[in-house]
Each structure stands twice: as structure tokens, then as C-alpha cells.
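Below you'll find the structure, written out as C-alpha cells, and then a few comments.
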Amino acid sequence: MSKEIPYKIYLEESELPKQWYNVRADMKNKPAPLLNPATHEPMTVDELSGVFCRELAEQELNTTDAYIDIPQEILDFYKMYRPAPLVRAYCLEKALGTPAKIYYKFEGNNTSGSHKLNSAIAQAYYAKKQGLKGVTTETGAGQWGTALSMACAYLGLDCKVYMVKVSYEQKPFRREVMRTYGADVTPSPSNTTNVGRAILEKFPGTTGSLGCAISEAVEVAVGTEGYRYVLGSVLSQVLLHQSIIGLETMAACDKYGIKPDTIIGCAGGGSNLGGLISPFMGRKLRGEADYEFIAVEPASCPSLTRGKYAYDFCDTGMVCPLAKMYTLGSGFIPSANHAGGLRYHGMSSVVSQLYDDGLITARSVEQTSVFAAAEQFARVEGILPAPESSHAIRVAIDEALKCKETGEEKTILFGLTGTGYFDMVAYQKYNDHEMSDYIPTDEEIAKSLANLPKF
Ligand SMILES: *Cc1c(COP(=O)(O)O)cnc(C)c1O
């Protein structure tokens, strides 16, 4: 025990996880099933297989197998950028003057700049294995589209990305990275789909949304021979792939006798948080250990803290299955001044159920305080964090400062999901004191929730 804790803990190749962990197997209350939007019956593997490739459809509905083997080809790809380091934030602790011990799992050490590659390679692999020609997807901030482009290039698959128009225009370099990896990138809404044309007609000049880009990508996948649709978060299959984050973290903690008290993650669609906490949650669910879990979301897009737990559409065009989740309504779009990611209207059904069962807590934070935390972190730890990741940094710092007052020496662990090099316009706004906060009113949220499907 009590080995000297290195600044960075890297697992040996022989210690890396060879299976993903499916937390649904240990959940007493399973997440509610996806429903067919026409019949309101639970979706079957056959039905899902029209949209997703078969093996992923099976993973999506698998609530019983706790461990699922990671195919060797995926393990080989993971070796290009994993293990991800578990870093002891000695410099941040010192700067804060806290007795707390702070650790972060850094997922930004790859060209896509985030954890998304963990699921992109898995989804591309199963598509290739099924003999498909290509995949379609949407991307908002661009990290998912980049990760998927990299995975598709590696495996020789076509990749069509619908990129939310505002990001397409504001982040031209993200777009070029995707094109460099061979992806075909279309700003959404576009006139290449029925859904896109309908939205453009109804809202001329719209700058798009994730929900709309999803509808376009699904329409093209379903209508093109040899194509399927893939999604970078929210789905249970994505949480499963992202469990690699938590499994590596837990192995590193166990190796050095580190026992986290509080585990913090930012929550957009819930996949990075779900992946980080899954194996720890498994221990909690089996009564082997206890942890406090905190999901952190933007105050401008507060699905857990102010949304409703209900069945909702996953996309604007209402072509996807219905999912029971904490949601702000599928038409909810964060205010225009919202800078950094985490802008999806709903939350993973797994995270939603765990939250509803009181096993996870949630907090919302305002973006100026998020960027303040990002800068404080960058200046002492060196890494320039993604705005999304900085939501977790904010709460980790807040928790560490509480310990400074109480003298508590607790261990705080957070997920540092990525780097922010493509987010410098947002950093610029913050540095120029031009960034503002916006919190939606109760009326705005109620108005959006009034459009939840009724049945
Ligand atoms: C996509 C992304 C997130 C949000 O992840 P979810 O799994 O959807 O919650 C957080 N951080 C970074 C860097 C991302 O790219």
C-alpha cells in the first residue's frame, strides 16, 4: 500500500482492460426501454438494426451482461492513444491551498482532442465487420465528427458528417481536420435531406441544432444502401464503450491504494460521465464501496437539474426512437451566448435512471465561472481544457475549496474529457470580458416541455 503516488499514473499494457463494463447489468431499476415512435412498443434488435449496425443494436438493448469482450482490433487501436493518464493535480492542490487530494483522468491525448474516439472506433469497427460501406452522423462542437473521421479512415469506411451550421461556420478548422481524415462534411440544416429542407423552409436562416443534424444523418443512413447511423453520446452502447475510461481509472486507483470519495464529470449526453463512473457505480450498486457522484451541466442547458424525467424525442425531426430521459424538450436550444458544448436537450437513459434513483447528484454552473476555472487550471496544470471539461473542473475546485474551510482531506476525482484548442473564440470572449451568463426562465423551460410527446 501507500506507494508514492506519481504525478501521472500510466497502466502497463498488460494491465489494460480487455472487456467493457455494462453498468445496466448491476442496476436494480433498469433504464426505461427505447420505444418505437409509431407503436410505442419497446424497440427490438431487428427494428434498431435498420438504423444501427446489428452488433451495436444488440449492445444497445443488452441489460444483462456485465462484461463484454473488446475485440482485438479495437484493443489494437486503443493502444495508439491509451492508456490515458490518471494525473495527481499536485500543482492545482498547491495553488488552491487545499488539504483535498485531486486527481483527473485525461482523455484529450489524441488528435480528436476528446474521449469520443473510444466509442468512434468501436462503432466504426462493428460497421466494417458487418460489411457496410459507410456511416453517417451529426456533430455539434466537432469533436465527435473528428473522432469518427479518424476511426473511419483507419478502417477504410466512408463517413458523412452533418455539422450544425453555426459550428461549421465558426469552427472551420474542425471541419478541415475531418476532411483531412476523408470525411464528407455538410452544414446542417441542408437541402440534401427532406428533414433539412422542411426545417429550412420553416425557419429560413436558422443556424441549426444537434437535434436537426441527427434527423438529417438518420435519414441519409436509412435511405442509403450499405450505410448505418452512429451517435457519439446519449446511447447506452456509447456508455458501454466509454466504460474504458472508468475501468482504467479504477485499475490505476486500486494499484496505488487511492480511494476516491467524490467523482465528478461534465454531462452533455452523459456518456463520458457514465463511462467514468460505471465501474465505481457497479461497486456501489453491489454494496462493495461507496462514492459520491456529481454530474455537472451548464446552467444554460440544465436537463438534469431542471428538466423532466419523461419519454421524449431524441431529434427534431422525430425519426429516432423515443427515450425516457431527463429532458428539456426536443425543441430546446440553449441561448445564443452559450459557448461551450453540452448543449443536447436530453440525457442518457442510464444516467437519468441513476439520477432518478438518487445514486448521482447534479449541479449546474454558469459559463463565466466555468472559464474562470478553466484558466486557473490551465495556468497551474499546463493543459488547456475544453470548455465542456471545465464544467467538471469548476466543481472539483469548488469541492476542494470547501475542504480548505473544513480541513477535510477527501479525495476528489474528475474527468478531464479533452482539450480546448478549437475553442479559442470562446476563450477570447472570456478574456475580453464579453462573455455573459444566461439562465433560461421557468417559463421558457415549461414552454419547451409542453411539446413532450403525449401518450
Ligand atoms: C462531447 C464532449 C463532452 C460531452 O460528453 P458527453 O459524453 O456527451 O456528456 C465533454 N467533453 C468533451 C471534450 C467532449 O468532446
Side-chain angles (χ1 to χ4, degrees), residues 84 104-120 123 137-150 163-164 167 171 174 177-178 210-211 213-214 230-246 264-278 293-298 301-304 314 323 325-326 334 338-352 354-355 360 362 364-365 367 370 374 377 383-395 414-423 426:
Y104 57 91
K105 178 73 168 168
F106 180 46
E107 289 289 326
N109 248 339
N110 66 75
T111 298
S112 77
S114 83
H115 63 281
K116 296 215 172 56
L117 207 47
N118 300 331
S119 185
Q123 297 192 51
T137 198
E138 77 298 322
T139 198
Q143 290 93 315
W144 168 245
T146 308
L148 189 69
S149 307
M150 291 171 68
M163 185 169 189
V164 178
S167 303
K171 295 188 171 187
R174 268 272 174 227
V177 179
M178 288 184 253
L210 267 181
I214 293 175
V230 296
L231 179 62
S233 185
V234 188
L235 296 172
S236 300
Q237 56 185 279
V238 183
L239 254 79
L240 174 72
H241 308 146
Q242 294 298 356
S243 70
I244 190 81
I245 305 172
I264 302 165
C266 63
S271 76
N272 86 80
L273 171 80
L276 172 66
I277 70 173
S278 273
F293 301 104
I294 308 177
V296 190
E297 57 186 16
C301 192
S303 51
L304 285 173
C314 294
M325 55 187 176
Y326 274 85
H338 175 74
L342 310 179
R343 45 173 67 243
Y344 188 61
H345 67 273
M347 183 59 61
S348 136
S349 63
V350 176
V351 170
S352 291
L354 292 167
Y355 177 66
I360 299 178
S364 71
V365 289
Q367 64 179 355
V370 167
F377 179 85
I383 296 169
L384 180 78
E388 293 92 335
S389 322
S390 306
H391 288 71
I393 299 176
R394 172 73 273 157
V395 170
F414 70 94
L416 187 69
T417 49
T419 48
Y421 303 114
F422 288 97
D423 299 285

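Both ligands and their constituent atoms are indexed starting at 1 by order of listing.
Each of the atoms 4 (C) of ligand 1 lies under 4.0 Å from some heavy atom of Leu342. The distance from ligand 1 to the heavy atoms of Ala386 drops below 4.0 Å at these ligand atoms: 13 (C). For ligand 1, the atoms lying closer than 4.0 Å to a non-hydrogen atom of Ser271 are 6 (P), 7 (O), 9 (O). When each atom of ligand 1 is checked for a heavy atom of Cys266 under 4.0 Å away, the hits are 10 (C). Less than 4.0 angstrom separates some heavy atom of Ala267 from each of these atoms of ligand 1: 9 (O). Set against the non-hydrogen atoms of Ser114, the atoms of ligand 1 under 4.0 Å away are 13 (C), 15 (O).
Here the shortest heavy-atom pairing between Phe377 and Pro385 reads CD2-CG, 4.1 Å.
Distance check: Ser348 OG to Leu354 CG gives 8.0 Å after rounding to the nearest 0.5 Å. Taking CZ from Phe422 and OG from Ser112, the interatomic distance works out to 10.0 Å, rounded to the nearest 0.5 Å.
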Verdict with reasoning, Asn118 to Gln242, per side-chain hydrogen bond (donor to acceptor under 3.5 Å, both in side chains): CA-CA 6 Å; Asn118 300 331; Gln242 294 298 356; 2.9 Å; yes
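At least one N or O atom of Gly268, backbone or side chain, sits closer than 3.5 Å to an N or O atom of ligand 1. Note: an N/O pair closer than 3.5 Å links Gly269 and ligand 1 by distance alone.
The nearest protein atom to atom 11 (N) of ligand 1, hydrogens excluded, is given as Thr417 OG1, 2.6 Å; this is a heavy-atom distance.
Between Gly270 and ligand 1 there is a heavy-atom distance shorter than 4.0 Å.
Considering Ser233, Ala392, Ala147, Gly274 only, the shortest heavy-atom separation from atom 8 (O) of ligand 1 involves Ser233. Of the candidates Glu388, Lys116, Gln143, the one placing a heavy atom closest to atom 14 (C) of ligand 1 is Lys116.
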